[in-house]
Asks: 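To start, I am sharing the structure in question, which I have written as C-alpha cells.
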Amino acid sequence: MRTEPHVLDHPLIQHKLTLLRKRETSTASFRRLLTEIGALMAYDVLRDAPLHDVAIETPLETMVGRLIDGKKVVFVPILRAGLGLLDGFLGVVPAARVGHIGVYRDPATLRAVEYYFKMPGEMPERDAVVLDPMLATGHSAVAAIARLKQTRPRSIRFVCIVAAPEGLRALQEAHSDVPIHTAAIDRQLNDHGYILPGLGDAGDRIFGTK
Ligand code: URA
C-alpha cells in the first residue's frame, strides 16, 4: 500500500520556495532560503516525534513537562545537496545526530552509486530523517534508504523540497513504509533527469560550483 506524500503547502514555505527557484537567486540567498525552508519543514516532519515526561520547576511550582529526545533523532543528508537542508533541521533539533550517505548519479545511466556511508551507533534506537532537496528519478533516495535500512533504525522519513512524479512513484514502490515530506510536486523530469520546472542543480546552487 502506498502512503500519500505530505505536501507542505504552508504559505511561508511556498513563498521561500518561489524565491529559491528563481534563476537570479544568489548562492548566499539560495543557502539561506534552503536553511529556512528546512527549519519550517522540520515542524511537520517531527510532528510524531516521541516525547518523554520530565519533572521541572517553574518559578512557581513543580510540574511534569515533555521533551523530545533529540539525541535519538538522526538527520541523514544525502551528499552533497542534502547538506543544504541540514542546518535548518539542526537549528530546531540541535542535539540530533548526523549520518552521511554519499551517492552520486552516474550521468550515463542516472543510476545511484554509493561512495560514502557513516551512521552513529545504536541505530535501532533512533529515528532517521533522510534529507535531499530534489527527488528526481528517485534512484539516489531508493538506494540510500535501502542502505540505511541495513542499520535497522526505529523509523525512517524522507524529506525533499521538490519532487517529480517519477521519483515519488519509484520511492513509494521501493519503500512504501517510508513517509515522504515535500514542499512541491513538479510536472516531470527532462531527458537529463532534471525536474521541470524545478530549480536547477541544487548542489551547484548551494555550493556555487556552476
Ligand atoms: N538534482 C538536482 O539538483 N536537480 C534536479 O532537477 C534533479 C536532480
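Counting starts at 1 for both ligands and their atoms, following the listed order. Heavy-atom basis, side chains included; hydrogens, waters and symmetry copies ignored. Everything quoted here is computed from the prediction, not taken from an experiment.
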Asks: Report, in ascending order of atom number, the atoms of ligand 1 lying under 4.0 Å from any heavy atom of A136.
Replies: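 So the atoms of ligand 1 that pass are 7 (C), 8 (C).
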
Asks: When you group the ILVMFWY residues by side-chain heavy-atom contacts below 4.5 Å and let the links chain together, are F30 and I78 in the same group?
Replies: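 Different clusters: I78 never reaches F30 through Ile, Leu, Val, Met, Phe, Trp or Tyr contacts under 4.5 Å.
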
Asks: For atom 5 (C) of ligand 1, find the nearest protein heavy atom and state the residue, atom name and distance (0.1 Å precision).
Replies: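 In this structure, atom 5 (C) of ligand 1 has Y194 CD2, 3.4 Å as its nearest protein heavy atom.
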
Asks: Under 4.0 angstrom from ligand 1, any heavy atom of G193?
Replies: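 The answer is yes: ligand 1 sits under 4.0 Å from a heavy atom of G193.
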
Asks: For atom 6 (O) of ligand 1, find the nearest protein heavy atom and state the residue, atom name and distance (0.1 Å precision).
Replies: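 That would be I195 N, 2.8 Å.
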
Asks: If you measure from the Lys or Arg side-chain nitrogens to the Asp or Glu carboxylate oxygens, is any gap between R154 and E125 under 4.0 Å?
Replies: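 Judged by the 4.0 Å cut-off on N to carboxylate O distance, R154 and E125 do not form a salt bridge.
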
Asks: Got the closest protein heavy atom to atom 4 (N) of ligand 1, with its distance?
Replies: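 Nearest protein contact, heavy atoms only, for atom 4 (N) of ligand 1 is G200 O, 2.7 Å.
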
Asks: Between R32 and E36, does any NZ, NE, NH1 or NH2 come within less than 4.0 Å of an OD or OE carboxylate oxygen?
Replies: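 R32 and E36: salt-bridged.
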
Asks: Please verify the inter-ring angle class for F89 with F75; under 30° counts as parallel, over 60° as perpendicular, anything in between as tilted.
Replies: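 Perpendicular.
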
Asks: Counting only heavy atoms, which portion of A202 has something under 4.0 Å from ligand 1: side chain, backbone, both, or neither?
Replies: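 Under 4.0 Å from ligand 1, A202 contributes backbone and side-chain atoms.
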
Asks: Is R157 paired with D177 through a side-chain N to carboxylate O contact shorter than 4.0 Å?
Replies: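 The answer is no: the pair does not qualify as a salt bridge.
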
